Amino acid sequence: MEYVHGYSNREALRLADQADTLTEILHSGIAYPSGSSVLEAGCGVGAQTVVLAKNSSESEITSVDISEESLNHAESLIRSEGISNVNFQQADLMNLPFPENSFDHVFVCFVLEHLQNPEQALQNLKRVLKRGGSITVIEGDHGSCYFYPETKESVKVWNCLVQSQKCLDGNPMVGRELQPLLKNSGFKNVEISPKIVYVDSNRPELVDGFIKKTIIAMVEGVKDQALEKDMIDIETWNRGIKDLYKTAEPGGTFFYNFFRGYGIK
């Protein structure tokens, strides 16, 4: 799997900022019981792992990722936070090294969007989940993004993010597909809940944490790919990024919708 945003230190910082900003919105109500065995599938650099582990401090979490570099960063982050209930293991979601019925719960956050075959990944996760166990999946949907002021150039740079992910066979609109993906993978009692993020100048913490450090930083991360593939020229790119920053100024607004899916084996 090729990660559209790359593996730079800047991207690791963006992911940490994103997790900090969205903790209450995305993780509200997620706390696993004492003694539970939890598989975090696709932990990346550990940004969501920190939240997960703190909210379920008496569960045993196994966090896996295909990237050794990301796992090293995640383990360093977890240890720096003094967290001791997480074990890390390199693994491919398409070929998980665990026997059937290994985990009480599975947690997946911002992973399916990068996979060529998310349904197969979900089926693999279902195999290692115990009967009656739960899966929680959190994904964004880049088609749900609306902002003001909107210019032709700002829309073009946003579309560069969408196109870059599609070029890597990812799905930047996977959030809206969580219900059929979970159902088709064999999960029961599937429930989907939208997690809306709306930002204006009355929410300064989200102006900085979400618009600037999450959204715009994410768009800026695909600059090289967009220019190399002639999706946009440098003048339009620079103007579009400048216009996106105007959404973080007084009078600017930003809307984005995440989706959280839940199912039972």
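All values below were derived from every heavy atom in this structure, side-chain atoms included, with hydrogens, water molecules and symmetry-related copies excluded. On a predicted model such as this, the values are computed, not experimentally measured, just so you know.
- Here the two rings, on Phe255 and Phe147, have centers that are 6.0 Å apart or farther.
- Pairing each heavy atom of Ser56 with each of Ile30, the nearest pair is OG-O, 4.4 Å.
- In summary, Lys54 and Glu81 engage in a salt bridge, as defined by a charged side-chain N under 4.0 Å from a carboxylate O.
- The ring of Tyr256 has its center no closer than 6.0 angstrom to the ring center of Phe254.
- The side chain to side chain donor-acceptor pair (under 3.5 Å) with Asn101 is formed by just one residue from the set Lys130, Lys265, Arg127; it is Lys265.
- Taking a cutoff of 4.0 Å between a charged side-chain nitrogen and a carboxylate oxygen, Arg239 and Glu235 do not qualify as a salt bridge.
- Ring centroids of Tyr198 and Phe210 are separated by 6.0 Å or more, keeping the two rings apart.
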Could you go step by step and tell me if Lys213 and Asp208 meet the side chain to side chain contact (heavy atoms under 4.5 Å, CB included) rule?
CA-CA 6 Å; Lys213 293 181 178 178; Asp208 182 63; 3.2 Å; yes

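- Side-chain contact between Tyr262 and Val190: absent, with no pair of heavy atoms (C-beta onward) separated by less than 4.5 Å.
- A donor-acceptor pair shorter than 3.5 Å can be found between the side chains of Asp243 and Thr151.
- Cys43 contributes atom SG, which lies 5.0 Å from atom CG of Asp65 (distance to the nearest 0.5 angstrom).
- Remark: aromatic rings of His73 and Phe88 are distant, center separation not under 6.0 Å.
- No side-chain heavy atom of Leu26 sits less than 4.5 Å from a side-chain heavy atom of Val51.
- A pairwise comparison of heavy atoms in Pro250 and Ser201 identifies CA-CB, 4.3 Å as the closest pair.
- Between the Ser70 side chain and the Ser67 main chain, no donor and acceptor come within less than 3.5 Å of each other.
- Follow the hydrophobic side-chain contacts under 4.5 Å out from Phe98 and you reach Met94 in the same cluster.
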